[in-house]
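Just below is one structure, and these are the notes that go with it.
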Amino acid sequence: MCLGVPGKVLSIEENPLGITIGKVSFGGIVKEVCLAYVPDVQVGDYVVVHVGFAISKIDEEQAKSFFEFLGQIEQELEDKP
């Protein structure tokens, strides 16, 4: 099963190998992500990340919808006896 998680791009820079890397926030947890597959990404954009690679851009509404869905799942799990 594959899972892509949306996150917000906080910064973009090139690493010593010339690969574009960004700091991406996943609901407050910040991770370094390879941005090589989304060359037009800008700081503030939302991307879908799979195993450390941003694989596509999405708009803010899609990202918020995903986080709301995850919140619902978390709430249902907490409510189960």
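- Remark: K8 NZ is loosely packed, at most 12 non-hydrogen atoms of other residues, nucleotides or ligands lying under 6.0 Å away.
- Here the straight-line distance linking atom CD of E78 with atom CD of E76 works out to 11.0 Å at 0.5 Å rounding.
- Using a 4.0 Å cut-off between charged side-chain N and carboxylate O, K64 and E60 make a salt bridge.
- In the displayed structure, L77 atom CG is contacted under 6.0 Å by more than 12 heavy atoms of other residues, nucleotides or ligands.
- Put simply, the side chain of I12 reaches to within 4.5 Å of the side chain of V43, judged on heavy atoms.
- The shortest heavy-atom contact between D45 and D40 is OD2-O, 4.2 Å.
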With side chain to side chain contact (heavy atoms under 4.5 Å, CB included) as the test, would you mind laying out the steps for V24 and L10 before giving the verdict? CA-CA 6 Å; V24 176; L10 302 177; over 6 Å; no

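- Side-chain contact check for I21 versus C34: some heavy-atom pair is nearer than 4.5 Å.
- Atom CZ of F66 has more than 12 heavy atoms from other residues, nucleotides or ligands within 6.0 Å.
- Closest approach of V38 to K57, counting heavy atoms only: CG1-N, 4.1 Å.
- Taking the side chain as every heavy atom from C-beta outward, E32 and K23 approach each other to under 4.5 Å.
- Surrounding OH of Y37 are at most 12 heavy atoms belonging to other residues, nucleotides or ligands under 6.0 Å away.
- Considering all non-hydrogen atoms of both residues, V33 and A54 come closest at CG1-N, 3.5 Å.
- Closest approach of A36 and I19 over heavy atoms only: CB-CG2, 4.5 Å.
- Scanning both residues, I58 and P6, for their nearest heavy atoms gives CD1-CB, 3.6 Å.
- Listed for the H50 side chain is no donor-acceptor partner under 3.5 Å among the backbone atoms of G4.
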